[in-house]
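Below, all heavy atoms of this structure are taken into account, side chains as well, without hydrogens, waters or symmetry copies. Chain letters run A, B, ... following the sequence lines, proteins first, then strands; residues in each count from 1.
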Amino acid sequence: MAKQLTTREQNYSEWYQDLVIKADMAENSAVRGCMVIKPYGFAIWEKMQSALDQMFKDTGHVNAYFPLFIPKSFFSKEAAHIEGFAKECAVVTHYRLKNTPDGKGIEVDPEAKLEEELIVRPTSETIIWNTYRNWIQSYRDLPILCNQWANVVRWEMRTRLFLRTAEFLWQEGHTAHATEKEAREETMKMLDVYGTFAEEFMAMPVLKGVKTANERFAGAIDTFCIEALMQDGKALQAGTSHFLGQNFAKAFDVKFTTKEGVQEHVWATSWGVSTRLIGALIMAHSDDNGLILPPKLAPIQVVIVPIYKNEEQLAQISEVAGKITSELKSKGISVKYDDRDTHKPGWKFSEYELKGVPVRIAIGPRDIENGTVEVARRDTMEKTTYQLMDLSLKIEHLLDKIQQNIYTKALEFRDETTHVADSFDEFKKLLDTKGGFIRAHWDGTTDTELKIKELTKATIRCIPLNEKPEAGKCILTGNPSIQRVVFARAY
RNA sequence: CGGGGUGUAGCGUAGUCCGGUCAUCGCGCCUGCUUUGGGAGCAGGAGGUCGCAAGUUCGAAUCUUGCCACCCCGACCA
């Protein structure tokens, strides 16, 4: 037993940490707060990227790339924005190194000080809006629907692999529109894209809602989000879509001439998801044996393991495995035939369970005799013997079933872990005993929100969309409330 | 950034209080043979600036100082 995980029961955050490292997804690097995303973890990100990228293209967006560095002065142009990010910016002050006087080391050359310091982007609104000013003159230039895949840096004090690191990978969409209505529609459209992606690809149910003023993106009018629930009952913000109003257009003086010949500021949105989604994926589904990946995002969907005593048997098995492999590949299913002789079957079984490969096919001498294979599914750990006839079709259906089952399981968990509280005592008790989402009334003030956070560590994750208004009384102050909001302790 | 903890071979560790054949054990790795339907067995072998840097000392994994990294808790955040 080489790679035992800490169990979730023992210590949830150690379990997570163990899993990320032992499943070979990522590791800490020599640079504080920064991670190395290893090939297996990056393969998951690539799958996410390609699905999302297609969804962005399907909704009319194009990719572009903006600089890593942002002149310091750009940052100060939007007051709320700078206030939100100032405390976590990496700053470039010099552009050259030189040998130390003793010739043994190297130091920053004080002669090479930048006239204007550069900020390593924590997000790109400012550089993008400064650029858009030159792209936009007329209503004919609108809308602009750009996305970029990039890295950003936020100087975090406390980091956790994938969930929070000083540098992370993400995509950020930045759009410019002629009207408020259009920008608002764009904001919601992209929130829906994220919701669909989370549910259909990640098999992770999400709650869509609006952030409170306190939780809003620095510089936004409204921040919408998808919130997911992890197995330990903590919430995780999985994606955000912001309606920026004319804040950045005004800050960067981006105007256009309308059909009527009037100069107006343009309307903006921005939206993003990051490698944090990988952390969400892990915590939403996996178990004490390792990762459980939804087939749609699994780098390897099916692994075939031969079981043999001699070369002759291996040759027979490999022939069958080869046929299965090509049939599955022709259906677009990714397959790995692991015929390494350096590890025993049992070892391989554990290894692929740890890595969350959805379906394992084992083929041994008995199967060759009987014209069967043993199929094991990762989500339920069930093993079934299948006839070779129509195997690829059956596997294709099984993958769909697994995708569905993982989602259903996560949805049931979320439903069971969502509670209603009508008093503050009840609220506190639920938080401490069950965790999860708690639907409660709130009087709408930031003061109350902060007070609740101070008392319980719970934050308002969102004000859910599409909910029927329901009059009630704030759990803390007793003041009137028009609808329930969703509280949770969060990542 | 505040409080606490940890750092010894690729990984996990013993030894640190009480300085002196103490660099220990397990996994992994390499070679060979036997094995192969749930993390194989036996035999042999390789591998360590004891996180880094100064200092104290005849002598430092062990004591002192500084630094670095990671983990946990808090504040902040995707």
Over how many whole Å does the gap from [X] atom [atom1] to [N] atom [atom2] extend?
X: Lys344(A); N: G28(B); atom1: NZ; atom2: P; value: 12 Å
X: Glu374(A); N: U36(B); atom1: CD; atom2: P; value: 17 Å
X: Arg378(A); N: G38(B); atom1: CZ; atom2: C1'; value: 14 Å
X: Trp155(A); N: C1(B); atom1: CH2; atom2: C1'; value: 14 Å
X: Arg366(A); N: U36(B); atom1: CZ; atom2: P; value: 13 Å
X: Tyr352(A); N: G37(B); atom1: OH; atom2: P; value: 16 Å
X: Gln313(A); N: G37(B); atom1: CD; atom2: C1'; value: 11 Å
X: Lys309(A); N: U34(B); atom1: NZ; atom2: C1'; value: 14 Å

Scan [X] against the nucleic acid and name what it touches under 4.0 Å (heavy atoms): base, sugar-phosphate only, or nothing.
X: Gly279(A); answer: nothing
X: Glu27(A); answer: nothing
X: Asn310(A); answer: nothing
X: Pro306(A); answer: nothing
X: Thr165(A); answer: base
X: Arg360(A); answer: base

Reading nucleotides 71-76 of chain B from the 5' end, what letters show protein touch, with B for base, S for backbone sugar-phosphate only, - for no heavy atom under 4.0 Å? SSBBBB
Go through the N and O atoms of the side chain of Lys383(A) and the base of G38(B), and report whether any donor-acceptor pair is under 3.5 Å.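 Such a pair exists between side chain and base.
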Does Glu353(A) get its side chain close enough to the base of G38(B), under 3.5 Å, for a donor-acceptor pair? yes
If you count the non-hydrogen atoms of other residues, nucleotides and ligands that lie under 6.0 Å from NZ in Lys394(A), is the total more than 12? yes
Using side-chain heavy atoms (C-beta onward) and a distance below 4.5 Å, is Leu68(A) in contact with Leu118(A)? no
Are [X] and [Y] within salt-bridge range, i.e. N to O under 4.0 Å?
X: Arg8(A); Y: Asp232(A); result: no
X: Lys401(A); Y: Asp379(A); result: no
X: Lys211(A); Y: Glu227(A); result: yes

Phe427(A) vs Phe487(A) aromatic rings, parallel, tilted or perpendicular, using cut-offs 30° and 60°?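 Perpendicular, since the angle between the ring planes exceeds 60°.
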Check the interface with nucleotides 29-33 of chain B: list each N/O to N/O pair with the protein under 3.5 Å, or write none.
none

When you compare [N] with [M], how far apart are their [atom1] atoms, in angstrom units rounded to a whole number?
N: G45(B); M: A9(B); atom1: C1'; result: 15 Å
N: U24(B); M: G48(B); atom1: C1'; result: 13 Å
N: G55(B); M: C11(B); atom1: C1'; result: 33 Å
N: G7(B); M: G15(B); atom1: P; result: 10 Å
N: U16(B); M: A23(B); atom1: C1'; result: 13 Å
N: U56(B); M: U65(B); atom1: P; result: 15 Å
N: G10(B); M: C50(B); atom1: P; result: 13 Å
N: U31(B); M: A46(B); atom1: C1'; result: 10 Å

Interface with RNA chain B, restricted to residues 234-243 of chain A and to heavy atoms under 4.0 Å: Gln237(A)
By nearest-heavy-atom nucleotide on RNA chain B, the more 5' of Cys34(A) and Arg461(A) is Cys34(A)
So, do [X] and [Y] have ring centers that fall under 6.0 Å from each other?
X: Phe224(A); Y: His242(A); value: no
X: Trp129(A); Y: His81(A); value: no
X: Trp155(A); Y: Phe85(A); value: no

Residue list, side-chain hydrogen bond (donor to acceptor under 3.5 Å, both in side chains) with [X], at least two apart or on another chain:
X: Thr212(A); answer: Glu449(A)
X: Arg489(A); answer: Asp432(A)
X: His285(A); answer: none

Determine yes or no for a side-chain-to-main-chain donor-acceptor pair under 3.5 angstrom, with Trp442(A) supplying the side chain and Thr445(A) the backbone.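 A pair under 3.5 Å: yes.
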N/O donor-acceptor pair under 3.5 Å between Tyr194(A) side chain and Gly272(A) backbone: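 Checking the backbone N and O of Gly272(A) against the side chain of Tyr194(A), a donor-acceptor pair under 3.5 Å is found.
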Identify all side-chain donor-acceptor contacts of residues 290-309 of chain A below 3.5 Å with residues at least two apart in sequence or on another chain.
residue	atom	partner	partner atom	Å
Gln301(A)	OE1	Ser334(A)	N	2.9
Gln301(A)	OE1	Ser334(A)	OG	3.4
Gln301(A)	NE2	Pro295(A)	O	2.9
Tyr308(A)	OH	Asp341(A)	OD1	2.8

Identify the pairs formed between an N or O of the protein and an N or O of nucleotides 3-14 of chain B at a distance under 3.5 Å, and give each distance.
none

Selection residues 37-49 of chain A - residue pairs positive for side-chain hydrogen bond (donor to acceptor under 3.5 Å, both in side chains), sequence neighbours left out: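 Applying side-chain hydrogen bond (donor to acceptor under 3.5 Å, both in side chains) to every pair that reaches into residues 37-49 of chain A, excluding sequence neighbours, yields Asp24(A)-Lys38(A).
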N/O (side chain, Lys348(A)) to phosphate O (OP1/OP2, U36(B)) under 4.0 Å: no
Side-chain polar contacts of residues 355-367 of chain A - donor-acceptor pairs under 3.5 angstrom, sequence neighbours left out - could you list them?
residue	atom	partner	partner atom	Å
Arg360(A)	NH1	Glu353(A)	OE2	3.0
Asp367(A)	OD1	Thr372(A)	OG1	2.8
Asp367(A)	OD2	Gly364(A)	N	3.0

Taking distance alone, no hydrogens or angles, what donor-acceptor pairs closer than 3.5 Å link side-chain atoms of residues 195-203 of chain A to residues at least two apart or in another chain?
residue	atom	partner	partner atom	Å
Thr196(A)	OG1	Asp192(A)	O	2.8
Glu199(A)	OE2	Val206(A)	N	3.0

Could you point out which residue of Trp170(A), Phe217(A), Phe243(A), Phe56(A) forms a ring-ring contact (aromatic ring centres under 6.0 Å, His included) with Trp271(A)?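 Testing each of Trp170(A), Phe217(A), Phe243(A), Phe56(A) against Trp271(A), the sole residue satisfying ring-ring contact (aromatic ring centres under 6.0 Å, His included) is Phe56(A).
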Among G38(B), G39(B), G37(B), which nucleotide sits nearest the side chain of Trp347(A)?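 Looking only at heavy atoms from C-beta outward on Trp347(A), the closest nucleotide is G39(B).
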How would RNA chain B look in dot-bracket form, 5' to 3', counting Watson-Crick and G-U wobble pairs with both distances under 3.5 Å and writing | for bases paired to another strand? ((((((((.[[[..)....(....]]].((((((.....)))))).....[[[[[..)....]]]]])))))))....
